[in-house]
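Below is one structure, written out as C-alpha cells, with a few remarks after it.
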Amino acid sequence: MKHLKYLALLAFAVLAGFTSCSDDDEWNTTGGGKVEMESSDRAFILNEGSMNKNNSNIIYFDWASGKVNPTCVFTQQNGRQLGDTGNDIITVDGNKIVVAVNVSNYITLLNGYGVQTDSISFAKKHAALGQVRSVDEENGMLYVTSYGGYVSRIRIVGDKLQFVDSLKVGDRPEDVVAHDGKLYVTLQGQNYNDNRLAVVNSDFKTITYSTIMQDPAKVYEDGDNIYVTGFGASYDNPWGVYSTTTGKYTQLGNASAVDVSNSVVYCANSVTNWTTYATTTTMYTYDAKTGATNKDFFKNAPAELASTSVYSISVNPYDGRIYVATSDYMTDGKVYVFNAQGNYEREFSSYGLNPHKIVFLK
C-alpha cells in the first residue's frame, strides 16, 4: 500500500508538472512584461520612422476591441528604443515576433508581448554580410537578407537565436519568402537595375534566376504562387505572379502596396506628381482563382484616402479585416480599417512615421 501511495503521489506530481508547463504556454495579461494586455487578440504595428533618426517603434493594439496603446511597446517592455530603421516584422508559431532593424543592423526575437528574448547583431561579427533588410521563417529557421548580397540562416531554439550560415545570392537582395523548402529573393542591384528573382533550392546551395521586373521589392507567397511587387524601370509600381510550378512570371497590374490572403491580392497604387506633390491612390482586389479584378471592393472609404500615399496593407488572418496604412513621411501615419467584406469601419493613428507592416496574434 505504501508503494501504491508513493506511485500515486509521484504520478500526481508528474501530472501537475505537465499542467504547469501547459499553463506557462497559455496567454496571460502580461507575459512577463510590464504592459497589461486586455485579451489575446494582439496586433503590432512596425513604424519605420525616418532613416538615421532612431525613431522606429512598435505600437500594440487589441484588434478585437480596437483599443490602441499609443506608446512604443518595445520601449515599454525592454527599456530602450528599437533602433534605426525597423524594416520588417513577422510572427512565428503564433507566439513569437521577429523584427529586422536595418541601420542598427540586428535581428531581434520577441515573445508575444514584445519582450525581447534574444537578438543577433550583424554590425560586428557578421558585418561583412551588410545591413539586414528583411526576414521570413519556415520550420523554425529564419532567413534574413542583407545588403552585402547574402541570405543568412538563423535557427530559433526555444527563446534563443543561433546563427547557422550565409549564402551569396546576388546584388542587393531586398526581400525573401520561404515556401516548401525553397527561398524566393528579390534582387535590386546596387544601381537598382537588377530584374531578377533568385530561387534558392532546399540544399541552400543551388540557385536559379528568373527575370521579373526592374528594381523588384516585396515578395509574398500564397498557395503555389509567389507574388512580387517592384518599382519598375519607369517607377510605375508593377506587380505580378511567379508560378512555382511553371517557373514563369506574369505581370498583372500596378500597385505600390499589397498584401495577399486566401488567393486574394489586396492592392493600392499611390502615384505622386513630384511637381505639384499631389497624390492619387486607387485601390482594388485581384482574385487569383478567377483572375477577376474588383475595383469596388473597398467601400465607403474616407475621401482623403484617394489623395494620400498608402504605405502598407496588412490582412488579419483571424478575422479577415484589412488594415490600410498611410504616410505623408512627416507626421504619424493613419490606419484605415475595412472588414472582410470591404466595408470601411474606422481609422486610428499609427503613432509613428511610415507604418511598414502590421502583424497579428491570437
Side-chain angles (χ1 to χ4, degrees), residues 17-35 37 40 42-44 46 56-58 60 72-146 148 150-167 173 175-179 181 183 185 200 202 204 357 359-362:
F18 283 131
T19 303
S20 176
C21 289
S22 176
D23 288 344
D24 288 344
D25 293 334
E26 292 178 359
W27 179 86
N28 62 65
T29 58
T30 63
K34 303 172 184 177
V35 179
M37 298 185 178
S40 61
R42 291 152 289 162
F44 300 86
L46 175 64
S56 297
N57 68 21
I58 298 175
Y60 151 74
C72 176
V73 69
F74 181 88
T75 300
Q76 289 179 298
Q77 299 289 51
N78 302 289
R80 65 178 182 83
Q81 291 177 288
L82 179 63
D84 184 16
T85 302
N87 195 72
D88 203 5
I89 185 170
I90 63 171
T91 60
V92 177
D93 295 334
N95 60 6
K96 297 182 179 73
I97 300 168
V98 178
V99 184
V101 187
N102 176 232
V103 177
S104 297
N105 205 12
Y106 76 102
I107 297 293
T108 182
L109 177 65
L110 315 176
N111 68 15
Y113 306 82
V115 178
Q116 179 175 287
T117 62
D118 202 8
S119 65
I120 290 182
S121 172
F122 279 59
K124 296 180 180 179
K125 185 176 180 180
H126 307 295
L129 301 178
Q131 292 179 335
V132 299
R133 190 65 179 170
S134 301
V135 60
D136 199 22
E137 180 270 343
E138 189 173 56
N139 298 325
M141 188 74 77
L142 297 178
Y143 299 94
V144 183
T145 59
S146 48
Y150 294 87
V151 172
S152 299
R153 297 193 292 184
I154 297 175
R155 183 176 288 112
I156 301 176
V157 182
D159 59 358
K160 299 296 181 182
L161 299 174
Q162 294 181 352
F163 188 92
V164 180
D165 55 9
S166 297
L167 176 69
D175 198 12
V176 57
V177 70
H179 178 67
L183 304 180
V185 185
V200 181
S202 57
F204 203 63
K357 185 178 178 182
V359 296
F360 305 87
L361 297 176
K362 183 173 177 60

(Q) In the structure I gave you, are the side-chain heavy atoms of I58 and L110 within less than 4.5 Å of one another anywhere? (A) yes

(Q) Treating D84 as the side-chain partner and V103 as the backbone partner, does any N or O pair qualify as donor plus acceptor under 3.5 Å? (A) no

Q: Could you tell me how the ring of Y113 sits relative to the ring of W27: parallel (under 30°), tilted (30 to 60°) or perpendicular (over 60°)?
A: parallel

Q. Are D159 and N111 side-chain neighbours, meaning at least one heavy-atom pair lies under 4.5 Å?
A. no

Q: Ignoring hydrogens and angles, tell me if any N or O in the side chain of S121 forms a donor-acceptor pair with the backbone of A123 under 3.5 Å.
A: yes

Q: For residues Q77 and V35, determine if any side-chain heavy atom of one lies less than 4.5 Å from a side-chain heavy atom of the other.
A: yes

Q. Backbone N or O of R133 within a donor-acceptor pair of the N87 side chain at under 3.5 Å?
A. yes

(Q) Under a 3.5 Å distance rule, please check whether T75 uses its side chain to pair with a backbone N or O of R80 as donor and acceptor. (A) yes

Q: Examine distances only and state if a side-chain atom of S104 and a backbone atom of G83 form a donor-acceptor pair shorter than 3.5 Å.
A: no

Q) Should V101 and S56 count as side-chain neighbours, where that means a heavy-atom distance under 4.5 Å? A) no

Q. Does any N or O in the side chain of R42 come within less than 3.5 Å of the main-chain N or O of G112, such that one atom is a donor and the other an acceptor?
A. yes

Q: Could you tell me whether the side chain of Q76 reaches within less than 4.5 Å of the side chain of K34, counting heavy atoms only?
A: no

Q: Before accepting this row, confirm whether a basic side-chain N of the pair D88/K357 lies closer than 4.0 Å to the acidic partner's carboxylate O.
A: yes

Q: Run the numbers on V185 and Y143 for side chain to side chain contact (heavy atoms under 4.5 Å, CB included), then give the verdict.
A: CA-CA 10 Å; V185 185; Y143 299 94; over 6 Å; no

Q. Judged by atom type as modelled, is there a donor-acceptor pair below 3.5 Å linking the side chain of N102 to the main-chain atoms of T85?
A. no

(Q) I90 vs E137, test: side chain to side chain contact (heavy atoms under 4.5 Å, CB included). Steps then yes/no. (A) CA-CA 8 Å; I90 63 171; E137 180 270 343; 3.8 Å; yes

Q.
I'd like to know if the side chain of E138 and the backbone of G181 have a donor-acceptor N/O pair within less than 3.5 Å.
A. yes

Q) Distance-only, no hydrogens or angles: does the S166 side chain make a donor-acceptor pair with backbone N or O of Y150 under 3.5 Å? A) no

